[in-house]
There are 2 protein chains.
Amino acid sequence: MDRDALGIRQVSEETGLSIDTLRWYEREGLLPLVERTADGRRRYPPGALRFIRLVQALRRTGMPVADVRRFIELGGGELAHHPERMVLLERQCAAIEQRMVELQDDLAVVRAKIAAYRGLIARGLDCEDELSEDLVDQLRTDELLAGTLPPAPSVGAEGVLRQR
Amino acid sequence: MDRDALGIRQVSEETGLSIDTLRWYEREGLLPLVERTADGRRRYPPGALRFIRLVQALRRTGMPVADVRRFIELGGGELAHHPERMVLLERQCAAIEQRMVELQDDLAVVRAKIAAYRGLIARGLDCEDELSEDLVDQLRTDELLAGTLPPAPSVGAEGVLRQR
DNA sequence: GCTTGCGCTGGAGTCCACTCCAGCTCCTAG
DNA sequence: CTAGGAGCTGGAGTGGACTCCAGCGCAAGC
């Protein structure tokens, strides 16, 4: 009946997930809605496709596979679980926002370094690290004051990533 | 002499990188500027600390360790290499910007899902996935149209988007 | 009837980025 | 003088997330 269900290859192309990954996600319990043809081939109804996109969003934003599974295991469509699921999603939202802030800080660091190099090159200078990092700092400050750089956002974001 | 050089523990606390990670980064060639005391203990001069922060920025923004190393191997402070390094950093900048866009999209997906749950709960409805994902879509669309969902970021995220 | 292509399964293998450990040295406090 | 604590090294181990593979089934095309 489901004439608009997709085969695994199409889903792979559509989502960018590899075929192997799709199968693996399914085994891991991340994709409950996948159906089968009589001879055992996977069929992805449109709902599954949408679901996959949510899973992808969660994964890409740093939620571990185990947590995604936990989220999914929170029952299929029973009203009782909606609040719980929402809490998890809201937590993830917060995490994403943090990551974005962190990302911005890091971007600022990289841009500052670029500006420093630009300055060094413009002045025909050499060394930077050991001998006169301070000079580089100075350059960066110069650039900052000159408004070449975006006004680096302040410190903050901690620990969304795994480093310890 | 370097009275303001730090020990490994302090650097660890300062940067959030574990002591083991610091040592490992060094072995891997990511931290060339680390000095030693007479009895072999690590001493991190301020320059090293700044360098670590750059490395951290690169790592956190998704550059693999191997690439960071390649970047660093591009000579220490020789003018000839600055342009190359800059190219790498600029590439990374682009990658970061892309990542931020992606993150925004994913955030939107998650928020949409939250809104969908909110809608379902408000209406006392149950199922969502298999049976009537379309309904959820519909709800999401409703919410969007009703402006219930901030089309742009919300709490804590202001200024996160540097639209450009 | 055979080959080619897609898909299936269970399990093994890989890659990355750490993280842990045993066994050692050095220093300081009691 | 001994005990404790911080660091050091080389190497082994871990966890997460895939990725690959052998061996099989089905269907279509020549």
Side-chain angles (χ1 to χ4, degrees), chain A residues 2 5-31 34-45 48 52 54-72 92 95 99 102 106 159-164, chain B residues 2 5-45 48 52 54-72 92 95 99 102 106:
Chain A
D2 237 341
L6 301 177
I8 196 166
R9 173 163 306 268
Q10 294 162 297
V11 173
S12 165
E13 277 157 13
E14 196 95 353
T15 60
L17 293 172
S18 81
I19 289 179
D20 268 319
T21 299
L22 283 168
R23 292 202 270 243
W24 184 74
Y25 275 9
E26 197 179 332
R27 278 190 232 177
E28 291 294 303
L30 306 202
L31 305 180
V34 183
E35 293 162 11
R36 300 299 179 111
T37 63
D39 67 328
R41 304 191 163 200
R42 271 161 258 254
R43 237 69 258 285
Y44 296 80
I52 290 170
L54 174 62
V55 169
Q56 260 187 306
L58 294 177
R59 286 290 303 114
R60 279 197 299 235
T61 58
M63 183 182 285
V65 166
D67 291 11
V68 177
R69 181 178 29 245
R70 237 165 287 142
F71 168 75
I72 287 159
Q92 183 65 6
R99 271 274 284 308
E102 195 188 53
D106 292 334
V160 168
L161 269 194
R162 197 129 302 213
Q163 23 190 356
R164 242 183 328 123
Chain B
D2 237 343
L6 300 177
I8 196 167
R9 176 164 304 269
Q10 293 162 299
V11 173
S12 165
E13 277 157 13
E14 197 96 352
T15 60
L17 294 170
S18 79
I19 290 179
D20 268 321
T21 299
L22 284 168
R23 291 202 271 244
W24 182 73
Y25 276 9
E26 196 179 334
R27 278 191 234 177
E28 290 294 304
L30 306 202
L31 304 180
L33 327 171
V34 183
E35 293 162 12
R36 300 299 178 110
T37 63
D39 67 326
R41 300 187 169 204
R42 272 161 256 252
R43 230 77 250 287
Y44 297 78
I52 290 171
L54 175 61
V55 169
Q56 261 187 305
L58 294 177
R59 285 288 303 112
R60 278 197 299 233
T61 57
M63 183 182 284
V65 166
D67 291 11
V68 177
R69 182 178 29 246
R70 236 165 285 144
F71 168 74
I72 286 159
Q92 184 64 9
R99 180 111 193 70
E102 196 187 54
D106 292 334

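Residue numbers start from 1 in every chain, and the chains themselves are labelled A, B, ... in the order their sequence lines are given, proteins ahead of strands. No hydrogens, no waters, no symmetry mates; every other heavy atom, side chains included, goes into these values.
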OP1 or OP2 of C/dA17 less than 4.0 angstrom from a side-chain nitrogen or oxygen of B/Thr21, does that happen here?
-> no
Within this structure, what is the CG-to-C1' distance between B/Leu17 and C/dA17, rounded to whole angstrom?
-> 12 Å
Inspect the contact between B/Glu28 and B/Arg59 and indicate whether a charged nitrogen and a carboxylate oxygen are less than 4.0 angstrom apart.
-> no
Quickly work out the A/Gln56 CD to D/dC18 P distance and round it to whole Å.
-> 10 Å
Here the distance between atom P of C/dC15 and atom CH2 of A/Trp24, to the nearest Å, is 17 Å
Does A/Ser18 place a side-chain N or O at less than 4.0 Å from the phosphate oxygens OP1/OP2 of D/dT19?
-> yes
Atom pair OG1 (A/Thr15) and CD (A/Gln56), whose distance is rounded to the nearest 0.5 Å = 5.0 Å
Write down the distance between CZ (B/Arg60) and P (C/dA17), rounded to a whole number of angstrom.
-> 15 Å
Each nucleotide of nucleotides 6-11 of chain C classed B (base within 4.0 Å of a protein heavy atom), S (only sugar-phosphate) or -, in 5' to 3' order, makes BSSBBB
A/Ile72 vs A/Val55 side-chain heavy atoms within contact, under 4.5 Å | yes
Output yes when B/Glu102 and B/Arg99 qualify as a salt bridge under the 4.0 Å nitrogen-oxygen rule, no when they do not.
-> yes
Would you give the length of the straight line joining atom CZ of B/Phe71 to atom CE of B/Met63, rounded to the nearest 0.5 angstrom?
-> 7.5 Å
Within this structure, what is the CD-to-P distance between A/Glu26 and D/dA17, rounded to whole angstrom?
-> 18 Å
Whole-Å distance separating the CD atom of B/Glu28 from the P atom of C/dA17 = 9 Å
Using whole Å, report how far CZ of A/Arg69 lies from C1' of D/dG16.
-> 11 Å
Can you name the nearest heavy-atom pair linking B/Leu31 to B/Leu22, along with the distance?
-> CD1-O, 3.8 Å
Name the one of B/Arg36, B/Arg43, B/Arg41 that satisfies salt bridge (charged side-chain N to carboxylate O under 4.0 Å, His left out) with B/Asp39?
-> B/Arg41
Atom CG of B/Leu30 to atom C1' of C/dC16: distance rounded to whole Å?
-> 13 Å
Using a cut-off of strictly less than 4.0 Å, decide whether B/Tyr25 has a side-chain nitrogen or oxygen near OP1 or OP2 of C/dC18.
-> yes
